[in-house]
Chemist: 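Below you will find the structure I want to go over with you.
Count residues from 1 along the sequence. First listed ligand is number 1; within each ligand, the first listed atom is number 1.
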Amino acid sequence: MAETSSAKKIEKLRNELRRHEHFYYVLDAPEIGDAEYDALINELKKLEAARPDLVTPDSPTQRVGGKPAEGFRKAQHSRPMLSLDNAYNAEELADWDRRVHELAGKLPVEYTAELKLDGLSVALSYEVAPNGGAGTGGSGTSGSGTGGVRLVMGLTRGDGQTGEDVTSNIRTIRSVPLSILADRLKKAKLPQKFEVRGEVVMPAAAFLRMNEEREQEGLPAFVNPRNSAAGTLRTLDSSIVARRRLVFFAYFLLVDGEYFAAGQTATLDALTKLGFRVNPHRQLVGSVKEMMKFIGDAESKRATLGYEIDGVVLKVDAHATQQRLGYTGRAPRWAIAYKFTAQAAITKLEDIMITVGRTGKLTPTAVLTPVFIGGVTVSRATLHNADFIERMGLMIGDRVKVERGGDVIPKVAEVMHDAEHPRGTRKFKFPTKCPECGNAVVREEGEADWRCVNTDCPAKLRESLLHFASRGVMNIEGLGDAVVQQLLDQGLVRSVADLYSLTEEQLVGLERFAEKSARALLKEIEGSKRAGLARVVMGLGIRFVGERTAELLAEEFGNIKDLMSADAEQLERVEEVGPRISQSIAEFFADKANCDLVKRLADAGVNMTAEKKQRSTQLAGLTFVLTGTLPKMSREEAKEKIEAEGGKTAGSVSNKTSYVVAGEEAGSKLDKARELKIPVIDEDGLLGLLAGHGARG
Ligand code: IVH
């Protein structure tokens with residue numbers, strides 16, 4: 001009885017979560033807040049922890065990703081993933097349209113216009129899962145248990161013929177359904193085996209956040225969202241992929257290696273019915289004029305989409321016409337990509353402005369004569385660092401070419417040297433003093449940046465406060481630029497710890513503050529006390545410690561005291577922490593001012609604890625020897641699993657060996673085991689031990 005009721009409860013929760021995921025990630029219209037979603041997923045995790053036999057690979061809890069794999073397996077595409085021919089202007093489109101009409105004869109010619117998403121294409125296979133892994137015993141606990149299908153493989157485009165099997169990473173993308181129920185298949189009129197192709201993109205917000213984090217961790221920034229989506233999808237640790245919030249837009253459907261026979265509009269409709277995210281900006285067009293209208297609209301929307309596009313794709317809509325037109329070697333004749341030309345404009349460099357960041361870093365920014373580029377007015381562009389200015393040979397007054405792509409910060413791409421564009425005359429001298437506090441700035445060897453090292457620099461304090469309050473850190477809503485500046489100007493805050501002693505009276509005295517807004521801000525500040533250790537560690541702004549490192553540190557140490565007193569060896573036990581990060585942490589806590597800050601935060605009631613990761617010890621004290629080929633796991637994987645549970649592995653069999661794990665074609669090690677009477681188990685036996693059951697010897 002208890003069996004079925006927990007199975008039912010689990011399935012009910014899963015369905016509820018799937019519904020919310022669909023609302024959130026596919027329809028972009030969430031019905032519940034993040035906290036409620038988290039609560040539901042945590043409840044499911046708890047239930048599943050009690051019943052591991054009911055965990056199925058399509059459970060929403062399985063999107064978290066896992067441990068690094070050894071590399072990606074290659075696999076053949078069911079049908080080559082081709083490329084597209086390009087057009088750059090109306091004439092080229094007209095040429096193509098003419099050819100299409102010629103070849104189509106009497107067949108209908110209409111086109112679906114879609115956005116050309118700037119990501120990377122992937123192919124996802126769905127089928128009835130091969131005996132569904134765990135949970136098949138439960139009544140209908142798996143998404144495919146009742147005539148539905150599951151995601152069984154996700155491949156990158158690769159060379160078009162073969163791609164890389166990135167299934168574990170694809171599974172972490174929330175807009176990819178892990179399973180599709182029978183009634184949806186029926187609605188979309190699909191069989192129980194098909195393939196979906198589309199584009200994986202990284203939203204602009206995720207891109208910016210990721211690069212900020214990379215910068216904090218001292219890693220080189222990705223140049224654009226497309227590269228970072230590609231890099232992310234090929235990351236071996238899928239738990240990192242899960243945090244990157246990639247999005248999948250579906251645009252093709254293949255059944256038996258053939259494009260869905262009902263045509264492109266019908267394909268997109270069917271994909272929608274299946275629960276995929278289909279880009280809403282699409283339209284049927286009949287003439288080049290209509291194409292150009294769609295393209296113009298797309299260009300003007302480009303800056304506000306929240307993800308990057310680099311053109312528009314036009315596809316002949318009717319399947320029969322597509323078949324008649326066929327393919328050249330590399331691309332279908334029935335589709336073409338209209339590529340936007342690089343968004344750039346020439347304008348004048350009026351000045352170079354220096355801003356001081358939280359870490360004291362001096363960042364030069366170009367102040368430009370405002371210029372309209374691809375739908376937005378640009379008046380600032382990044383100049384990276386002193387070397388960049390030097391290399392470009394920039395002079396104030398120069399005419400420069402400024403480029404921007406989607407939401408990415410505009411950059412100065414080139415100085416104009418031709419006769420048409422007068423050169424500037426004023427040389428820019430990178431400051432030797434901090435523009436905010438006047439202290440001398442330093443540049444350490446091997447570093448690109450100049451820094452203000454004055455611990456009392458007001459700019460650093462301002463930026464630290466903003467960082468501390470920001471989303472993803474302590475998340476204090478309402479504590480933005482203007483408020484922080486006022487708090488500083490009035491002398492109300494001299495350290496982040498002072499935030500916790502602000503009073504309503506003090507706030508009401510500030511500009512644009514009434515009782516109500518003051519109370520709201522205080523409530524936010526109060527609420528931030530519960531953010532937990534990882535957020536506080538991030539908030540402290542330790543160099544090279546970004547979100548992920550902070551989380552891992554919190555899990556490892558569980559409270560700030562233990563973190564502060566950890567030595568290099570203990571710190572470096574944490575995944576991702578090497579000598580550089582451990583040294584930075586040690587230096588941070590060696591500074592008395594920082595220790596005082598922590599103490600003041602603690603006194604104010606800021607929670608600085610976290611749930612410590614339970615070290616798995618299932619196999620502690622046991623030594624395994626692996627031999628032969630295991631049916632499902634590679635030896636490396638088996639070794640990782642054993643070690644993750646506290647066990648050891650050895651290369652040869654001795655009296656100290658607890659178990660020999662033998663696969664096919666096990667050789668002399670097996671003989672030795674028999675000789676020494678060491679228990680021999682197979683892969684299932686090992687899995688049993690890992691899961692905490694006894695081995696079947
Ligand atoms: S259709 C036969 N539709 O553009 C291949 N591609 O330049 C037809 N892309 O490899 C692909 N958005 O990665 C298609 N709405 C869209 C697209 C799209 C982006 C990418 C895709 C393809 C590349 C070709």
Chemist: For a quick check under 3.5 Å, do T235 and D237 share a side-chain donor-acceptor pair by atom type?
Modeler: no
Chemist: Which N or O atoms of ligand 1 sit under 3.5 Å from a protein N or O, and how far apart is each pair?
Modeler:
from	atom 1	to	atom 2	distance (Å)
ligand 1	3 (N)	K315	NZ	2.9
ligand 1	4 (O)	K116	NZ	2.8
ligand 1	6 (N)	Y251	OH	3.3
ligand 1	7 (O)	K116	NZ	3.1
ligand 1	12 (N)	L117	N	3.0
ligand 1	13 (O)	S121	OG	3.4
ligand 1	13 (O)	E199	OE1	2.8
ligand 1	13 (O)	E199	OE2	3.0
ligand 1	15 (N)	E114	OE1	2.8
ligand 1	15 (N)	L115	O	3.1

Chemist: Check the side chains of D310 and Y338 for a donor-acceptor pair under 3.5 angstrom, ignoring hydrogens and angles.
Modeler: no
Chemist: One thing to verify: whether E127 and R150 come together as a salt bridge, which I'm taking to mean a side-chain N less than 4.0 angstrom from a carboxylate O.
Modeler: no
Chemist: Check the side chains of S125 and E195 for a donor-acceptor pair under 3.5 angstrom, ignoring hydrogens and angles.
Modeler: no
Chemist: Mind checking side-chain hydrogen bond (donor to acceptor under 3.5 Å, both in side chains) for R243 and listing every partner two or more places apart, or none if nothing turns up?
Modeler: E213
Chemist: Salt-bridged, E11 to R18, with N to O below 4.0 Å?
Modeler: yes
